[in-house]
Amino acid sequence: MTRPLLFILFLLAASPAYSLDVDGRQYAPTIEIAGKTLHLVGGGVREATFLKIDVYRGVFYAEHAGCDFGRMVAADEVKLLRMDFVRDVGAKKQSEAMQESFKKQTPRDASPELRARIATFLRVFDKDVDEGDGIEVRYVPNEGTTVRVNGKVRGATIPGHDFMQVMWNIWYGKETCCPHLFEDLKDTCK
């Protein structure tokens with residue numbers, strides 16, 4: 001091998017993974033949760049109303065990143081959605097949006113027990129969100145789905161792979177809550 005080729009290979013091997021810039025904020029290419037390394041899938045901006053008002057920056061991490069969103073929803077692996085709010089959102093508005101999203105994604109034949117877990121989860125979103133707040137929705141197999149607001153756990157951990165699939169379909173499913181965010185995600189998908 002020639003020296004220039006060796007030098008190029010060295011540089012490629014030594015190069016750190018690059019972060020993702022979402023609307024002026026940098027997100028790390030990997031994070032650690034529950035002893036697992038999660039890889040950045042992509043991210044974008046959640047817009048609301050016909051006026052396309054920016055609400056939050058959303059980024060998505062999974063153990064096995066890729067662009068097959070159906071596989072990621074179905075996978076029983078650690079994953080994270082992070083929302084960094086760029087505007088205030090009142091509790092009523094946030095609660096209504098989450099209720100509507102779950103209504104669209106919950107199977108018609110969902111058990112009463114799954115519906116009860118969804119109702120418990122929805123209570124987490126009954127508080128105002130301020131500009132600058134960060135919300136993380138984490139799923140860990142055999143534990144469940146947990147919400148953290150500004151690093152602090154809010155509400156109960158919701159068990160179940162079935163619940164996780166309904167919840168993740170809100171962002172990754174065919175009837176996503178956030179079409180613009182989903183398009184951004186697909187455009188930045190690694």
To the closest 0.5 Å, what do you measure between [atom1] ([X]) and [atom2] ([Y])?
| X | Y | atom1 | atom2 | result |
| --- | --- | --- | --- | --- |
| Leu80 | Glu136 | CG | CD | 5.0 Å |
| Met167 | Thr106 | CE | OG1 | 12.0 Å |
| Met83 | Arg57 | CE | CZ | 14.0 Å |

Take the angle between the ring planes of Phe163 and Phe102 and call it parallel below 30°, perpendicular above 60°, tilted in between. parallel
Got a sec, which hydrophobics cluster with Val153, joining ILVMFWY side chains under 4.5 Å apart, including via others? none
Below 4.5 Å, heavy atoms only, C-beta onward: do [X] and [Y] meet side chain to side chain?
| X | Y | answer |
| --- | --- | --- |
| Tyr56 | Asp133 | no |
| Glu175 | Gln105 | yes |
| Asp23 | Asp54 | yes |
| Ser95 | Leu122 | no |
| Glu143 | Arg138 | no |
| Tyr139 | Glu77 | no |
| Phe121 | Met98 | yes |

Is there a path from [X] to [Y] through hydrophobic residues (I, L, V, M, F, W, Y) whose side chains come within less than 4.5 Å of each other?
| X | Y | result |
| --- | --- | --- |
| Val78 | Phe69 | no |
| Ile170 | Leu114 | yes |
| Tyr27 | Val137 | no |

Please tabulate, for side-chain N and O atoms in residues 33-46, each donor-acceptor pair with protein atoms closer than 3.5 Å (sequence neighbours left out).
unit_1: Thr37; atom_1: OG1; unit_2: Glu32; atom_2: OE1; d: 3.3
unit_1: Thr37; atom_1: OG1; unit_2: Glu32; atom_2: OE2; d: 2.6

For Tyr172, is there any backbone N or O sitting under 3.5 Å from a side-chain donor or acceptor partner on Thr176? no
Could you report the tightest heavy-atom contact between Ala28 and Tyr61, atom names first, then the distance? O-OH, 2.6 Å
Salt-bridged, Arg117 to Asp162, with N to O below 4.0 Å? yes
